[in-house]
Amino acid sequence: MDVKARGPKRSWERFLRTAIVALALCAGSVTASLPSEVMRVDQDPLRWTVNTPHSTYQVFVARNGELVQGYYGPLSDRRAAGAPGPGDPEIISSLREVPYRGGFMNMTPALEVIFADHTRELELRYVGHEVGEQDGYPCLRLDMKDTYYPLSVAEYIRVIPELDVLEKWMVLENTGDEDILMERAYSGSVVLPADAYDLIHFSGDWGREFFPRRTRLTSGLKSIYVRGVRSHQHSPFFFVRPTEDKDENFGTVWFGAVAWVGGWQMDFDVNRFERTQITGGINSWDTHWVLKGKSAFQTPKIVFGVSTDGSNGASRRMHRYLLDHVMPKPFSQQVSKVLYNSWYATGFNVNEKDQIALARIAKEIGVELFVMDDGWFKGRNNDRAGLGDWVADETKFPNGLNPLIREVNDLGMDFGIWVEPEMVNPDSDLYRAHPEWALHTPHRTAHTSRHQLVLNFARDDVKDYTLKWMDELLTKHNIKFIKWDMNRYISEAGWPETDPLGQREVRIRYVQNLYEVLLKLRERHPDVVFECCSGGGGRANPGILALTDQIWTSDNTDPGDRLHIQYGCSYALPAKAMVNWVTDDEWHGKTTSLRFRFHVAMAGNLGVGNDLFKWTDKEKKTAKELIALYKSIRHIIQLGDQYRLRDPFSENRMAVQFVTRDGRESVVFAFQTLETQPMATRGLSLSDRLVLLGLDPEGTYHVEGDIEPQEISGAALMASGVSVPLAGNYSSKVIILRRQP
Ligand code: DGJ
């Protein structure tokens, strides 16, 4: 089956140029070999059962022809109850596989449309299915049609069995000639077995991203959402588990995320039958899509998974999902280079001489990638001017960027650079030439934030301009790393030159064009690593992770705060995607050792952001030793599995363990923030013991690092653990374990 053949060519060409497809779809074909152990099809009622090692998902056709979801949860041979008869339309309307506006409403709708004659109700019925594979993974396509109007809905369910993950998305096709207005087109929905659930989601603000929040889901609707194209307030990852379950390593957890970096929404709806529905996709606030005659629209993906080994198990599945199935290869399978970034050292005050001097010290301590941050382009002496004019500032770089890049390369390092392509300062040549390129609304204040406006990326001329200058920057210079920043929220999302209906497509077209620019740049420059930054972690979304290789976690680099931010972030992002720099920054004015700061940053993708000019020889030596240590263990951290051992939100400790996927090597980071109980009175305090996870119980491990070298069996390490005493405020230890041959 070729899904491309289902839509008109032009529309699919457009999609294929965007990463909605690259991420999402694998939009290609579903081949016809049936992996029967994963996907079973039964007749009467027609029913599909998806079994992964730890989960079961069932869909069946009700007697009135609607598609209804059966059981979704831990692996079960339980059969779906008999299909509701024609007399149960209310029950059916609480279990729809694709909930829509129409008939009885007992779910949060995933689809809301208005037909040309103003009818606002859908009546979707099953018309066919196909089971096969897509890109090597089992994929089910369920076809529905409206009973009267020319709308076809194809729901895709692609299964990644080894991770107990389902990806869902829809292709909506207008087979008629008249427009259909899509007021809402979410990506998919599931209904959990009747129980009382808690939702764990991640929210915060600038400088305090990814704080885990646990809340009871009671009758009614809980929504988390983003309206623009970035958000520090909410992350699109969710974990849902029975209210009484708390253990990190045991119990069932449903988890997932929406893969869309624009406005998205996730709804958790406990309906009047006490069933919890989870649905989400593109946020329909201030947004719709006109589905023209003979055109198709493909939603982004929503991902659902089931862990039977607690929230740690859910996180590990999500990490592997992102690393192996979302983030761009080959970088997602390789360790990242240790980078230096100039921002905290030089701010906007960059120039050739100082950057070269910094690069020399960076090389001395073992840095592999030297990144020049903001301030390098025309007129950029502060944040009031310059965005949009992407040529090297002549006073700072009289001979362009190449002399600096050559010097960095001669030192044996890659060179990287900061850009913020979606923005423009009113004080810039670009804005003076094209004021209409900024999002704006007539007769309304054009609000600036950080003195900048947002370019209307929905416009193809803006997209083309961005692609051109970025392509030139990468073609004319030996740049191997781009830090793509995005520093403000959208306001006045208007596009006066387009018609009233088109105005409400701006937020979708913006993201499509953003994806397209990134996709094309990656195609043309496959050896360039892209970092996604948005004033810190304002854009940590699987949608953008399909096109970028890592996330700048937070502008808050205070190591004490960072332990909390990194802990929350670790629920969703693999350590490789979570970039941490050591800096001089102390948000609370407290002093922590360089060693502590390094240890905190090493529990992810390590970078350095200090003012190296100020470092003593002793500090350089410490940094050099710790960077060398990091290089010897980074494959365990970045590409291994991660286990949260201690929660800094509930005690003054944080501990995290990484284990290679073969279980042979492991690293443990243990931190103490404030010492509440002095060492002398602690004795053999239980709080000093770390019970480890993920090791080979049959193996013997050599344990070394910041404790006495010793040999301990995997079974003992996972039963009684290892003592890692921490003394004093802001103390830390790194333990390395290697299985003996
Ligand atoms: C915000 C980023 O988060 C910082 O790391 C830095 O790149 C600044 N922008 C530069 O303006």
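In listed order, ligands and their atoms are each counted from 1.
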Any salt bridge (Lys or Arg N to Asp or Glu O under 4.0 Å) involving residues 224-238? Give me the pairs, sequence neighbours left out, ordered by first then second residue. none
Salt bridge (Lys or Arg N to Asp or Glu O under 4.0 Å) pairs, two or more places apart, involving residues 534-549: E422-R539, R522-D549
Is the terminal nitrogen or CZ of K483 (NZ for Lys, CZ for Arg) located under 6.0 angstrom from the six-membered ring centre of W552 and within 45° of that ring's axis? yes
Neighbouring residues of ligand 1, heavy-atom cut-off under 4.0 Å: W343, D373, D374, W418, R450, K483, D485, N487, C533, G535, G536, W552, D555, W581
Is R644 positioned over the aromatic face of Y571, cation under 6.0 angstrom from the ring centre and no more than 45 degrees off axis? yes
Using a 3.5 Å cut-off and no angle test, enumerate the donor-acceptor pairs between side-chain atoms of residues 355-367 and protein atoms at least two apart in sequence or in another chain.
| residue | atom | partner | partner atom | Å |
| --- | --- | --- | --- | --- |
| Q355 | NE2 | T346 | OG1 | 3.4 |
| R360 | NH2 | E407 | OE2 | 2.8 |
| K363 | NZ | L411 | O | 3.3 |

Should K480 and D527 count as an ion pair when the cut-off is N to O under 4.0 Å? yes
